[in-house]
Trainee: 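Before I ask anything, let me first share the structure, which is written out below as C-alpha cells.
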Amino acid sequence: MSPDKLAYMANQIGKFFVSQKREDGVASIADHITKFWDPRMRRDFLAHLDEVTLDPMVRQAAERLKTPA
Amino acid sequence: MTLIKEIDYGTQAQSATKLVTLEVDGHAVTVPEGTSIMRASMEAGIKIPKLCATDTLNSFGSCRMCLVEVEGRNGTPASCTTPVAPGMKVHTSSDNVRRLRRGVMELYISDHPLDCLTCSANGDCELQDTAGEVGLREVRYGQEGANHLDAPTDGSNPYFDFDASKCIVCSRCVRACEEVQGTFALTIEGRGFASKVAAGMNEPFLTSECVSCGACVQACPTATLMEKSVVELGQPEHSVVTTCAYCGVGCSFKAEMRGDQVVRMVPWKDGKANHGHSCVKGRFAWGYASHPDRILKPMIRDKIDDPWQEVSWDVAIARVASEFKRIQAKAGVDSIGVITSSRCTNEETYLVQKLARAAFGNNNTDTCARVCHSPTGYGLGKTFGTSAGTQNFDSVEQADVMMVIGANPTDGHPVFASRMKKRLREGAKLIVIDPRQIDMVRMPHVEASYHLALRPGTNVAVMTSLAHVIVTENLIDENFVRERCELDAFSDWAAFVAEPRHSPEALEKTTGVPAELVRGAARLYATAGNGAIYYGLGVTEHSQGSTTVMAIANLAMATGNIGREGVGVNPLRGQNNVQGSCDMGSFPHELPGYRHVSGEGVRSIYEHEWGVKLNPEPGLRIPNMFDAAVDGTFLGLYVQGEDILQSDPDTHHVSKGLKAMECVVVHDLFLNETANYAHVFLPGSTFLEKDGTFTNAERRINMVRRVMAPKAGLADWETTMAISNAMGYPMNYQHPSEIMEEIARTTPTFAGVTYARLAKESVQWPCNDANPDGSPIMHVDKFQRGLGHFVITEYVPTDEKIGPRFPLLLTTGRILSQYNVGAQTRRTANVVWHPEDVLEIHPQDAEDRGIHDGDWVRLASRVGDTTLRAVLTERVAPGVVYTTFHHPVTQANVITTEYSDWATNCPEYKVTAVQVSPSNGISQWQEQYQDLTVKSRRIAAVPAK
C-alpha cells in the first residue's frame with residue numbers, strides 16, 4: 001500500500017497518543033498499529049520508513065515495531 | 001395462526017405506587033391511583049363501549065359513549081375522564097346508561113354511510129363493534145337531513161386514504177398526530193356540525209406537514225383513515241410479530257397477513273422499543289420486498305462487462321468456492337475476505353465472520369459499521385469499557401436535558417424522536433449541536449434552548465470548550481468522579497480542559513459558535529438534573545470521530561450523568577442491526593463480544609468450538625481492502641447485503657479497488673451499484689423471508705420472524721453455509737436458533753440469550769448469570785471496565801481545508817423518507833417525497849454564484865464531481881452545503897474523500913471542501929456511469945431447449 005498514506009495514518013494515530021499524559025506514547029502508537037493494522041499494512045509501512053515523513057514519536061514507534069523486544 | 005389484537009384499555013396506564021380498590025358491576029378491582037374508571041373496568045374484564053378513547057392517547061371525553069353511573073354521585077360521568085376513587089361503586093350497564101349510549105350512537109349513525117358490507121374496515125371497525133355493543137337497532141332520524149355523506153376522499157397519500165364521509169370527528173387522529181407523533185399536522189377545522197378533520201391548512205395529506213407515520217390511521221376507529229393495501233387486498237387473517245428492517249430503533253411490528261401476502265405492517269403495542277408507534281418507512285415502505293427489480297436466481301459471469309448468466313444455486317456456489325480457492329492458492333490465504341451489512345441479522349453476520357475466520361483462515365471481515373459507528377466502539381470501549389449505548393429508550397422519559405450532537409432524530413430515528421419530542425413538550429430542555437438547523441431546533445411545541453451551529457470538523461473543539469466551562473465553573477459532580485472514575489486521569493483531563501486555550505471565547509473563531517452559547521449550553525447540561533446525550537454520525541464520521549466520542553464520554557462522567565435512568569451516552573445507530581453486527585465479531589480485529597483476536601484465551605474458545613486454528617493477526621478494514629486490491633494482494637470479496645460502491649467514500653477509489661479484484665460476490669436483493677463490478681450474484685432474502693434477531697441501539701435483541709418462504713429459495717444464512725461447505729469447512733445449522741445457541745455458548749454477554757426466551761420477551765445484553773433479566777441501563781454501580789477513564793481530547797483540525805478552489809464545506813446526511821443507499825426505499829412509493837438528492841445551499845452562497853432555487857449545479861471536490869439540483873435554504877449556514885446519498889444517479893460519495901478517523905478508518909463523510917457552480921445537467925461522469933450500469937445489468941437470455 002502507499003507508504004505515504006500509511007505514514008499519514010500513523011501520524012494521525014501519533015497526534016492522539018502524544019497528548020495522553022500518563023501513557024507511554026511510543027508504546028501506545030505501536031500497540032494501536034499492531035492491534036488494528038493488517039500485517040501487510042505494517043509490512044509496507046515498515047519497509048518504507050526512510051521514504052516518508054513521520055512525527056518523532058511515531059518514528060520511534062515504527063522503529064520499535066521493526067525490532068520487537 | 002391468528003390475528004393478534006392487543007387489548008385496548010381505553011386510557012393510559014398509571015404508574016402511581018398508591019393503589020385504589022373499587023367495585024365495577026360488583027367486581028372488586030385494584031388499580032394505581034389516577035387510573036380511569038374505563039381502564040379499571042377493562043382490567044376487571046368489563047369493556048365499556050367507547051369511540052374517542054384508546055389507550056395510546058390521553059383521555060378526551062368527547063364521544064359520550066362510555067358513560068357510567070357511580071353510586072352516590074349525580075349524573076352519568078364519562079368513564080374515560082373520571083379517575084377511580086377508593087370504595088367507588090360503578091355500574092357500567094344500567095338501563096339509564098344503555099339508553100343514553102344507544103341514543104348517542106343513533107346520532108352518529110344518522111350521519112354515517114350504511115355500507116358496512118362493502119366497507120374496507122368491515123371486520124375491523126370500532127364504530128361497527130360499538131353499535132353492536134350498545135344494541136343499536138334503528139336510526140329514527142334517517143339520513144335525509146344535513147349530513148357529510150358526500151364528503152370527498154383524499155387519496156393523495158400513496159399509502160392511505162382519508163374518506164371524510166366516514167369520519168365521526170372523534171379527534172383520535174388529531175390527538176395521535178399531536179401526542180404520539182408530535183407533528184401537529186392535523187386539526188379539527190370549523191365548529192359544530194361543520195367540524196371536520198383537516199391536514200395542514202386544509203390541504204391534501206400529501207402536501208401538508210404530515211410525515212405519514214401512520215399513527216392517525218392506527219388510531220382511527222372507522223374506515224376514514226385506511227391503508228390503501230387493505231382497501232385493495234381486504235382484511236388480514238393472521239399476524240406475525242417481527243422487527244422492522246430499517247433504522248436502529250428496531251420497532252416491533254405485526255406483519256398482518258393474508259396467506260403469505262403482507263396486507264399491512266402495524267406497530268406492535270407491546271414492542272419495547274416503539275410501544276406501538278412507527279414511521280413512514282417501517283409502517284408503509286415494505287413494498288420493495290416484492291418489487292420486480294428483485295433478482296431471484298443466482299447469476300455468474302466471467303468478466304464484469306459480460307452479461308449475467310442465470311445458473312442454479314449449485315453452480316453459483318461452486319463458482320464462488322472454486323474462485324476463492326484459486327485466488328488463495330495463487331495469492332495466499334489473506335487475499336480474500338468478507339463484508340457484511342447491518343441490514344442482516346445477528347445470526348447472518350455471525351456466520352459470515354465465521355466463514356472468514358474458520359473457512360478462509362483469515363480475519364478479513366468487516367461490516368458497514370466501519371463507515372458509521374466504528375469510532376463509537378473505540379471511544380466507548382476506551383472510556384467505559386464496552387461499545388454500546390448506556391440506556392434504554394424509555395430512559396428519555398426521565399431526562400431533564402437532552403444534548404443531541406450530530407444526529408437528526410426526526411429523520412434518522414423518527415420513532416424515538418417522537419419520544420424525545422414528547423418529553424420536551426413535558427418541559428425537558430434541549431441542546432442541539434449540529435452545523436445544520438435540524439427540525440428539532442424549532443418545530444411545533446419544541447424549541448432548543450441552545451443550537452450550537454458549529455463549523456463542520458470542529459466537534460472536538462466544541463466538546464472540549466463545553467468541558468472547560470464545566471470544570472472552570474465548578475460544575476463537576478465530584479462525588480461521582482471520586483467514587484466511579486480514575487482520579488489521576490480525571491486530574492489530567494481537568495487540567496487540560498481548563499487551559500485558557502480551550503475556553504469558548506478562545507475557540508469561537510475555530511468553531512464559529514458564539515462563546516455565550518457554549519457557556520449557556522454547558523451550564524444547562526451540567527445543572528438541569530438528568531442530562532442525556534444522543535449522538536449520531538455527525539460525531540463519528542470525522543477524522544477525529546473517536547476523539548469526539550471520548551469527549552462525550554468525558555462530559556457525561558464529569559457531570560455524573562451515567563448509570564441511572566434519564567442520563568447516559570446514547571449512540572443513535574443508523575441501520576437496524578449496527579449494534580448487533582458489531583457485537584457479532586464483524587470487525588477484523590475482534591471476535592464476538594469485542595474481544596481482540598490476539599487474545600489466546602478468546603481464540604481458544606472459538607478454536608475449540610469451530611475446530612480450527614485461528615489467525616491471531618487483525619484483518620483488513622473496508623478501506624484497507626480497496627487499497628490492498630489496487631496493490632494486488634486482495635483479490636476476492638463476498639459482500640452480503642451492503643452496497644459499498646454507493647455508500648463508501650471516494651467512489652472512484654472504491655470502483656478502482658473492485659475492478660482490481662478477480663472475484664467479487666454480491667449477495668443482495670437487487671443488482672446494486674457494487675454488482676456492476678461483481679462476478680457472482682447470489683439472491684438475498686428480505687427480513688420477511690427469514691428467522692433471526694436484530695439488536696437495536698439500546699442493545700435490545702428482538703426476534704425477526706419469517707412470514708413467507710424465501711423468494712429465491714434460500715435464506716441468507718443458508719447461502720453462507722453453502723459457501724462454507726463448498727469451501728470445505730462444514731456448517732450444518734438447521735435453524736438460526738442453533739446459531740444463537742453457539743453465540744450464547746461462546747460470548748459471555750449473550751450467555752443467557754435463547755430463542756425460547758426471546759419468544760417471550762426481547763432482552764437487552766448483557767444477559768447472563770450476572771444480569772439474568774438483561775441490562776436496560778449499563779454501568780449502574782461500576783463501569784464495564786471498572787473505573788471510568790477520562791481521556792485527553794486534543795483538537796486536531798482536519799486536513800480537508802477550504803481554499804480558493806473549494807471554498808465551501810459539504811456535509812452529508814439522510815432524510816426521513818429514504819434509507820441509506822435507498823436500495824429499499826427507492827423501490828417504494830416513498831420516492832414521492834424524495835425523488836432525487838438535492839443540494840442545500842445558503843441563499844447568500846447561491847446568490848454569489850448566480851444559482852437559483854431548483855437550478856442544476858455542479859458539486860465538485862478535489863476527488864470528483866457530480867450534478868444535482870439546488871435548494872436554497874437557511875437551514876445551512878453560509879459556507880456550508882448539505883446533501884444526501886440516497887440516489888445512485890447523484891452518487892454523493894463521488895465527492896467525499898479518503899480522509900478518515902485516526903483510530904478506526906471511519907470515513908470523514910461530514911467534511912469535504914467543495915465548490916458549487918451552475919450547470920446545464922448531469923455531468924459526463926454521470927452519463928458514463930449510467931451507461932455502465934445499463935451494460936452491467938444485462939442478463940443473457942436463457943437459450944431455448
Side-chain angles (χ1 to χ4, degrees), chain A, chain B residues 332 334-335 337 362-364 374 378 382 460 486 488-489 491-493 495-496 543-544 546-547 550 587-590 596-599 615-621 623-634 789-799 898-905:
Chain A
M1 288 184 215
S2 155
D4 288 334
K5 188 169 184 178
L6 293 167
Y8 180 83
M9 288 164 57
N11 281 333
Q12 268 190 300
I13 294 165
K15 285 188 177 68
F16 173 78
F17 286 109
V18 77
S19 64
Q20 303 306 308
K21 290 190 176 166
R22 288 178 198 270
E23 288 189 44
D24 174 348
V26 173
S28 296
I29 294 165
D31 181 60
H32 190 91
I33 290 173
T34 305
K35 281 192 168 154
F36 291 93
W37 288 20
D38 159 274
R40 85 195 77 181
M41 294 167 67
R42 302 202 302 263
R43 222 165 25 240
D44 287 353
F45 173 57
L46 298 177
H48 298 90
L49 291 181
D50 295 341
E51 303 161 27
V52 296
T53 305
L54 293 175
D55 295 336
M57 204 179 265
V58 178
R59 186 164 291 282
Q60 286 180 57
E63 294 299 337
R64 190 176 293 186
L65 285 170
K66 215 168 178 179
T67 52
Chain B
D334 294 334
S335 58
N362 62 46
N363 288 311
N364 291 332
S374 53
Y378 185 85
K382 189 109 174 161
V460 171
E486 290 173 350
D488 289 347
S491 301
D492 291 347
W493 171 81
F496 165 78
S543 60
Q544 277 201 292
S546 293
T547 313
M550 291 185 274
F587 287 137
H589 66 286
E590 288 173 335
H596 199 275
V597 291
S598 61
N615 188 331
E617 292 283 4
L620 291 167
R621 299 172 288 195
N624 313 143
M625 289 180 184
F626 302 135
D627 291 340
V630 173
D631 269 8
T633 64
F634 187 79
H789 179 65
F790 281 86
V791 175
I792 289 175
T793 55
E794 189 71 63
Y795 169 59
V796 180
T798 173
D799 286 322
E898 76 283 10
Y899 284 133
S900 65
D901 174 47
W902 68 268
T904 64
N905 272 167

Trainee: Heavy-atom pairs under 4.5 Å with chain A - which of B:Q544, B:H596, B:E590 has more of them than the others?
Mentor: B:H596

Trainee: Just verifying a value: how many Å separate A:K15 NZ and B:Y795 OH, rounded to the nearest 0.5 Å?
Mentor: 13.0 Å

Trainee: Can you measure from OH (A:Y8) to CD (B:E898) and round to the nearest 0.5 angstrom?
Mentor: 8.0 Å

Trainee: Report which part of B:S543 has an atom under 4.5 Å of a heavy atom belonging to chain A: side chain, backbone, both, or neither.
Mentor: both

Trainee: Side chain, backbone, both or neither: which part of B:F634 has an atom under 4.5 Å from a heavy atom of chain A?
Mentor: both

Trainee: Show your reasoning for whether ring pair (Phe, Tyr, Trp, His ring centres under 6.0 Å) applies to A:H32 and B:W902.
Mentor: CA-CA 10 Å; A:H32 190 91; B:W902 68 268; 5.4 Å; yes

Trainee: Counting heavy-atom pairs under 4.5 Å with chain B, which one of A:D44, A:T34, A:V18, A:I13 comes out on top?
Mentor: A:I13

Trainee: Heavy-atom pairs under 4.5 Å with chain A are the metric here; pick the option from B:D799, B:T547, B:V597, B:D901 that has the most.
Mentor: B:D799

Trainee: By a 4.5 Å heavy-atom criterion (distance strictly below it), what part of B:Y899 contacts chain A: side chain, backbone, both, or neither?
Mentor: side chain

Trainee: Quick check on A:N11 against chain B: is it the side chain, the backbone, both or neither that has a heavy atom closer than 4.5 Å?
Mentor: neither

Trainee: Identify which part of A:M1 has an atom lying under 4.5 Å from any heavy atom of chain B, answering side chain, backbone, both or neither.
Mentor: both

Trainee: Is there a side-chain contact between B:D492 and A:Q20 (heavy atoms, below 4.5 Å)?
Mentor: no

Trainee: Among B:D631, B:D488, B:N362, B:T633, who wins on heavy-atom pairs under 4.5 Å with chain A?
Mentor: B:D488

Trainee: Got a second to check how far B:S491's OG is from A:R22's CZ, nearest 0.5 Å?
Mentor: 7.0 Å

Trainee: State, to 0.1 Å, how close B:P618 and A:P39 come at their nearest heavy-atom pair, and which atoms those are.
Mentor: O-CD, 3.4 Å

Trainee: Do side-chain atoms of A:R40 reach the backbone of B:D334 as a donor and acceptor pair under 3.5 angstrom?
Mentor: yes

Trainee: Could you check whether any side-chain N or O of B:E617 sits under 3.5 Å from a backbone N or O of A:D38, counting only pairs where one atom can act as donor and the other as acceptor?
Mentor: no

Trainee: Counting only non-hydrogen atoms closer than 4.5 Å, does A:F36 touch chain B with its backbone (N, CA, C, O), its side chain (CB onward), both, or neither?
Mentor: both

Trainee: Please round to the nearest 0.5 Å and tell me the distance separating atom NZ of B:K382 and atom CZ of A:F16.
Mentor: 5.5 Å

Trainee: For the CG atom of B:D627 and the CE atom of A:M9, what is their distance to the nearest 0.5 Å?
Mentor: 7.5 Å

